[in-house]
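To start, the structure itself, in structure tokens.
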Amino acid sequence: MELFFQQVLNGLTLGSIYGLVALGLTLVYGILHVPNFAHGALYMVGAYVSYITMVDFGVNYWVAMLLAAVAVAALAVLCERLVFNPLRDAPPIHDKIAAIGIMLFLEALVQMQWGAEFRRMPTPYTEILDIAGMTIPAQRVLIIAGAFSLMAVLHLFLKKTMTGSTIVAMAQNREGAFLVGIDANRVAMMTFAISGALAAVGATLFAPINLVYPAMGHLLIMKAFVIIILGGMGSIPGAIVGGLIIGFAEAFGGFYISTDYKDIIAFALLVVILSIKPTGLFSKGVH
Amino acid sequence: MGNGKQTLVNRFRRLACASAIALAATGAQAAEEVNIGFTGPLSGGAALYGQNTLEGLQMAAKEINEAGGFTVDGETYEINLVSLDDKYSPSQAAVNGKRLVQQYNAPVIFTPHSGGTFALQAFNERDGFVVMSYTSVPTVTEKGNELTVRIPPTFTGYMKPFTKIAMKENGKKVAVANATHDYAKYWTKAFVPTWEAMGGTVVADNPMDYNKSADFYTGVSKVLAEKPDVMFIGGASEPTALVAKQARELGFKGGFVIMDQAKMGEMSKIIGGYKMLEGSVGVVPLTLYEEPGAKAFVAKYHKQNAEKDPTTEVAYNYFALHTVVQAMQEAGTVEDAEAIRGAFSAALKSLKPENNPYGVTAIDDKGGMMADPNIATVKNGEVVLQRMSEVLAE
Amino acid sequence: MLKIHNLTKRFGGLAAVNNVSIEFEANKINAIIGPNGAGKSTFFNLVAGAMAPTEGRIEYQGMDITGMACDRIARLGIARTFQTTMLFDQSTVLDNLIVGHRLRTQSRLWDVIINSKRLRDEEKKCRARAQEVLDFVGLSHIGHRITADISQEEKKRVAFALALATDPELVLLDEPAGGINPEETENLAALIRKMVDHGVTVCLIEHKMDMIMSLADKIMVIDHGEKIAEGTPDEVKNNPLVIEAYLGSDEDAAA
Amino acid sequence: MNALTKISNFFMTPAMKIVMIVAALLFPFVAGNEYQIYVMALAFVWAIAVYGMNIITGLCGQLNLAHGGFFAIGAYTLAILTVDNGWAFWPAFIAAGAVGAILGFLVGVISLRLKEHYFAIFTLCVGFIIYLLLDKWEELTHGALGIINIPAPSGFGLVDFTETTPFYYLALAFMVLSIWLASRIAHSLLGRTFLAIRISDDLAASLGINLMRNKVLAFVLSTTYASVAGALYAGMVRFIGPAEAEVTHTFDMITYLLVGGIGTLMGPLLGTLAITWLTQSLQFLEEYRMIVFGPMLVVLVIFFPKGVVGSFLSWRGRRLAAAHDASQTKEKAASNASSNKPSAASTQEAGNHA
Amino acid sequence: MLQLKNVEARYGSFKALEQVSMSVAQGELVVLLGANGAGKSTLFNTISGLIKPSAGTITLDGTDVTGLKPSGLVQNGVVQCPEGRKLFPEMSVLKNLMLGAYVHRRNKAAIKKTLEDVLTLFPILDEKKDQSAGSLSGGQQQMVAIGRAMMGRPKLLLLDEPSLGLAPLVVKQMFETIKGINEQGTTVLLAEQNAFAALKIAHRAYVIENGRLVMEGDKDAMLGNEAIRKAYIGA
């Protein structure tokens, strides 16, 4: 039973990070209909910015997280302006290719600057909590709490503020949004900024129990795509629920079936679900 | 028609020239040079590993050239190291191999991965060059390629001493939780039968992808559910350290058998000392070796890199290039690959100890190096070193 | 030629087409008109097989084609054009038309690999048919142009030609005169008439009333998914229900 | 007609095809060394796979991101049959193509029900599953260890395909065959059928085209191409590991396709050759290569979305049309008889485009 | 207040608007009549900045606003209630209305006031303010759309086919409402198919045919004019 709850905890940890990364992806997709293959690279850059500011400049964990969020948000906005905006009306294959180009570039750049070695990100929260016989490292609690509060904040931002509503409005009816005076460029930039910041915060939360290296975003981004397809592309609740589904599927599948095949689970799940329901689980209620 | 052909040919000529010029820029022109080839991952996920191996070669080449080169048959040669990136891809390694042997007449090509080695072995005997393979995978020499040298000693020697120590320190139940890449698989294949043959049982078998996995908790808790005395772990040092750490966090009290790819010294930096590795057996970095050859090499390395310790890759490849040069001198040729390969035995005997940090003693008839390495055990938070032969003799 | 019985299509609770029955005769120009959102396009989609009706029956030359797949209906001789003209911009005009006759051919992958006589004959036939329909719509002088470079009206004609290349007996034209200028509209109307003269039955949706009124033999008026009138242009023009649908009722005006 | 038009016409004539084939045949004799022949042969093998991708993605408009996976399936089928089951090369080679076709059919039937982004991401996942299976299914694939000692294609009489130059000719032969078949398909009614689907599913259906059947056919053709290329690759490199199935190979192939010109006939070959040689000549940049390459890709899709061949063909098509119009106005008396001929010629050439 | 001079709009080679010159004075309710596809929506979208005119100038209170972005025009007081409503279907009615006041977002007090006005105008929306806009009936959705436009506190309100798809009784109410809005001081430009009902509440009217304005006149002159009938039903 203890082991069972251990897996629940693992599922939550994985699921909350997957959800966070998928959220950024789904927001961008909802607004611009771009599957941003470079999102994993943004995640990776976020981890590096946190790492460098903490290790080389000795700033505090939370400050580093903030700096990373700002830096990656700026980078994401730059990508939007320089690449995705000019490709607005291009055939659908082209923006995907451009995103791949950005991904290759960012990875090479980071590797040139900081090398390819595995790095370990420090965290001030290293203690091990013992709750009801379960061993829980503090950082994991932080990941779950951090990710869920960020999701809550994002939810409030989108629901309760005028600025946030413009993003949702743009996703629901583009022309309607124009006609109430919402500026498309502003919303596009803001969406990219949020998606970048989410990736950076996710990376800073997750990296301490993991490793920092240039290819760290690869698998994550693939899974994030699985998640947003499962959850319905563009759907925010879908991304969170999808993230948790994959997180739990991996934790339990890895434990009860095979760790070796753990990474297949997400993809197999997708194939099965799409074979039965070609539009994803939550395709209704999107936007 | 003639025009069309001409332009096509010209275009290729120009391309070839451009690439030759580009490559030439990497090495200085000298009167008498021997081109030594290298193909390995210099970009992509395995880039660090590739660069480490290359660093060892560069260190040796620089040393040899600064000492005025080496003399073969009355002629003085310098080393020109030509390195090409293959992104860990066998086909790229094959392309690079062709290029190194065709464009640069390299008699010797180094490669730090088994895939690259296999790809080069498809044509190295015919094209006449020695493959210097930095991989412990035994099959690279088992299939009898006559011009292959496997640089590191095969890991199979570790099986018995590791098992012996781990059982003595911890108990007979082992859980397999090492990595899933090719090298780790070979290890598992050798380790499990040895462990069972020596009276142990394997209570859990759950390898994990150390380089891609988001999290090891699931896998570790799974094997711990079977209450092992010993965990067999290992991949790159950093993730291996994390696996050990997470196992301790989940309440594991036994020892680890650590596959030799992970170095205890590097792991200790990540998990804050050796305390978490109590009761473990594995290998340590060269810096902890007591032998004079190792000490001399480490000192030399630190003179050039004050902040870094030499990795195993650096040390072995450094040694390997020195051995190649020694073999060329013994063979009296810088071109004849067969003769060079044939002179390795003699070269190892005449090699200076400072150029042989790991104390490699001989090469078997299939091309595998042989040594008597140190084995490390953690007792009371301290690393205890023993020669492999000593452990087996106990 | 085409008999529609009690055709109904609901989306959710909303009936886009509601209990419509009508008969279109062969060799006539039949028009469907109605205010925006009246359900005209849905009606077309039902006939062409792009959607399956919720209720009702569609009979084409005595055959029940209700719920049949699009491509089968096309092979039975019903062709259609779309509101937005879809063509391959990078090919020449003539090249765009060759595929139109594909449905009358049998060649498979194997014929392509061995370059069978059947394939060669059929390709010849398709090319000939493409040239023929291009001549028919009066565009043989621009057959060699890249499609991206021709005018909107020419594109409309190419779309007609493409539909004609399928050897249809009934052609459904969805807003053929949308997005083109008045003079061009007249030329297009002449072309539609020519099509009928050559034995093709036409059924079209159009907003341009002057064109409809001078062109159509029979008009069906749809409003809110229901048929509110049918008849000759004169009958329809003077039908109070139609006037009300379009101009609002006098009652409204009096209010 | 000015000089430019003359040159551009020359590129399309049968004479040019002969020139290109002769150049390819002579290449081993003029090449500086065997390395260049080897690179060229490898590029030809990749080009075969890229031609397959061009059928499903370029002609039929469905972005298939599992293509690299099918390449690997071909390579593994050949390797497993020859190494583990003792088959001879050529029967195994044929089997590899068949396995690619059968698996392609199964994947196609499921995945082609999805549209656009869904199809692309679904196939991305299929590609990843293929990779993971090759990596994990040790009993069948040897897992991460890969398969060694794959035989080279069995030679006929005196020809030994372990030698680079004979293999070059073999790869060339297969590539020419592939291009020939691809061009057959593209120019035939079948290719036009695919193209109609690329324009729009609705339009194609309204022209009486059975969407599912034709899409699956295009998909199966493309996976067959991929697995045949993969089998050749295995016979050339003679060692394969799961890395061959990594999605980066698919991305590479898309790049080749895009640089050359998607949906064009010579684009896949030109793109593959150009990028292959560019990569070789950028070797000196080593790990910094992608810093140049990534932005290049972005610039390419923004400013040259049609690729080299695509842009050339558009330009040329316009030129030809203009020349035709000019000649028509000159010979006002010209009737249909004379105008038919140039237009027939031009359609045939523009067919090259499809 | 609004002046169009020789405005032209193109879709590729097709001229959707040709030489359109018109004006709407402060406080007027002007109707734009025309059949489907005559160019009404194109004209509205050109005024709103969704379509860039290929020639001609648009001035608002004397300032040139040609080529301004839609957001810029909304800020200048030109608000369109589009054909097909273009609501945010998954958002609540209240949220839809609030987004209508997006350009005034800093002025919370004023928004509150406008909201009260709008809810007084459409009491039913007050009842349904927490329901999602997509779940409402057609007539109610149209009210949301008009209400949303009103929230932008337009100087000039462009209403594109507000009666489309509504039941006759609702249409009648809708025209009453529009009349009311105009009487309270908002200038209105109304595009309608329902010619009689529209003319009834209008001051002036233009007739558009094939992208050209073919007629202009005051309400009474237009009501009896056979040409209108022709524009709609042909001949």
Side-chain angles (χ1 to χ4, degrees), chain B residues 1-5 7-9 12-13 15-20 22-26 42-44 47 50-51 83-85 87-91 93-103 114-119 121-123 126-127 137 139-140 143 180-186 189 209, chain D residues 10-11 15-16 18-20 22-24 26-27 30-40 42 45-46 135-136 138 142-150 152 162-164 233 236-244 246 248-249 276-290:
Chain B
M1 239 165 103
N3 263 340
K5 190 189 83 191
T7 45
L8 203 66
V9 171
F12 284 120
R13 284 246 171 84
L15 256 174
C17 280
S19 44
L23 266 156
T26 58
L42 298 173
S43 67
Q51 276 157 359
S83 59
L84 298 176
D85 180 15
K87 294 187 275 187
Y88 218 85
S89 145
S91 60
V95 170
N96 289 344
K98 281 284 178 194
R99 185 172 189 172
L100 290 166
V101 71
Q102 297 288 336
Q103 269 187 354
S114 54
T117 309
F118 293 135
Q121 283 176 338
F123 57 88
R126 194 174 58 78
D127 285 11
V137 172
T139 30
V140 301
K143 50 175 201 167
T180 52
H181 56 279
D182 49 358
Y183 184 53
K185 298 265 182 193
Y186 279 116
K189 270 190 187 162
D209 195 332
Chain D
F10 178 66
F11 270 99
M16 184 60 197
I18 294 169
V19 167
M20 281 170 73
V22 169
L26 290 179
F27 178 73
V30 296
N33 53 47
E34 207 186 298
Y35 147 71
Q36 291 174 351
I37 305 170
Y38 192 86
V39 172
M40 208 59 163
L42 199 59
V45 171
W46 280 110
D135 191 40
K136 308 289 182 195
E138 281 170 42
H142 303 230
L145 312 181
I147 302 177
I148 56 175
N149 285 342
I150 302 168
T162 58
E163 302 272 340
T164 307
Y233 173 91
M236 179 176 184
V237 179
R238 301 175 59 195
F239 164 81
I240 51 164
E244 314 302 347
E246 273 179 7
T248 47
H249 285 314
T276 302
W277 285 105
L278 188 69
T279 319
Q280 287 298 314
S281 56
L282 286 180
Q283 259 281 1
F284 68 96
L285 289 172
E286 290 180 0
E287 68 261 42
Y288 310 127
R289 237 174 20 234
M290 287 301 155

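Note that the structure is a prediction, hence the values are computed from the model and not measured.
- In this structure a side-chain-to-backbone donor-acceptor pair under 3.5 Å is missing from D:Glu34 to B:Gln102.
- Listed by chain and number, the residues in a side chain to side chain contact (heavy atoms under 4.5 Å, CB included) with B:Ala94 are B:Ala119, B:Phe123, D:Tyr38 (sequence neighbours excluded).
- To the nearest 0.5 angstrom, D:Glu138 atom CD is 9.0 Å from B:Thr180 atom OG1.
- For a residue to count as touching a neighbouring chain, one of its non-hydrogen atoms must lie under 4.5 Å from one of that chain's; by this rule B:Tyr186 touches chain D with backbone and side chain alike.
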Pair B:Phe118-D:Asn149, side chain to side chain contact (heavy atoms under 4.5 Å, CB included): steps then yes or no: CA-CA 8 Å; B:Phe118 293 135; D:Asn149 285 342; over 6 Å; no
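- The number of heavy-atom neighbours closer than 6.0 Å to NZ of B:Lys143, taken from other residues, nucleotides and ligands shown, is above 12.
- Looking at heavy atoms from C-beta onward, D:Tyr35 lies in side-chain contact with B:Val95 at the 4.5 angstrom threshold.
- With chain D as the partner, the residue from B:Gln121, B:Lys185, B:His181, B:Lys98 showing the most heavy-atom pairs under 4.5 Å is B:Lys98.
- Separating the NZ atom in B:Lys87 from the CD atom in D:Glu246 is a distance of 10.5 Å, to the nearest 0.5 Å.
- Residues B:Ser91 and D:Met236 have side chains not in contact (no heavy-atom distance under 4.5 Å, counting atoms from C-beta outward).
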Stepwise side chain to side chain contact (heavy atoms under 4.5 Å, CB included) test for B:Arg126 and D:Thr164: CA-CA 11 Å; B:Arg126 194 174 58 78; D:Thr164 307; 3.8 Å; yes
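- Heavy-atom distances place both the backbone and the side chain of D:Glu163 under 4.5 Å from chain B.
- Ranked by heavy-atom pairs under 4.5 Å with chain D, the list B:Val101, B:Val137, B:Asp127, B:Thr139 is led by B:Asp127.
- Under the side chain to side chain contact (heavy atoms under 4.5 Å, CB included) criterion, D:Ala31 pairs with D:Phe27, D:Gln36, D:Ile37, not counting sequence neighbours.
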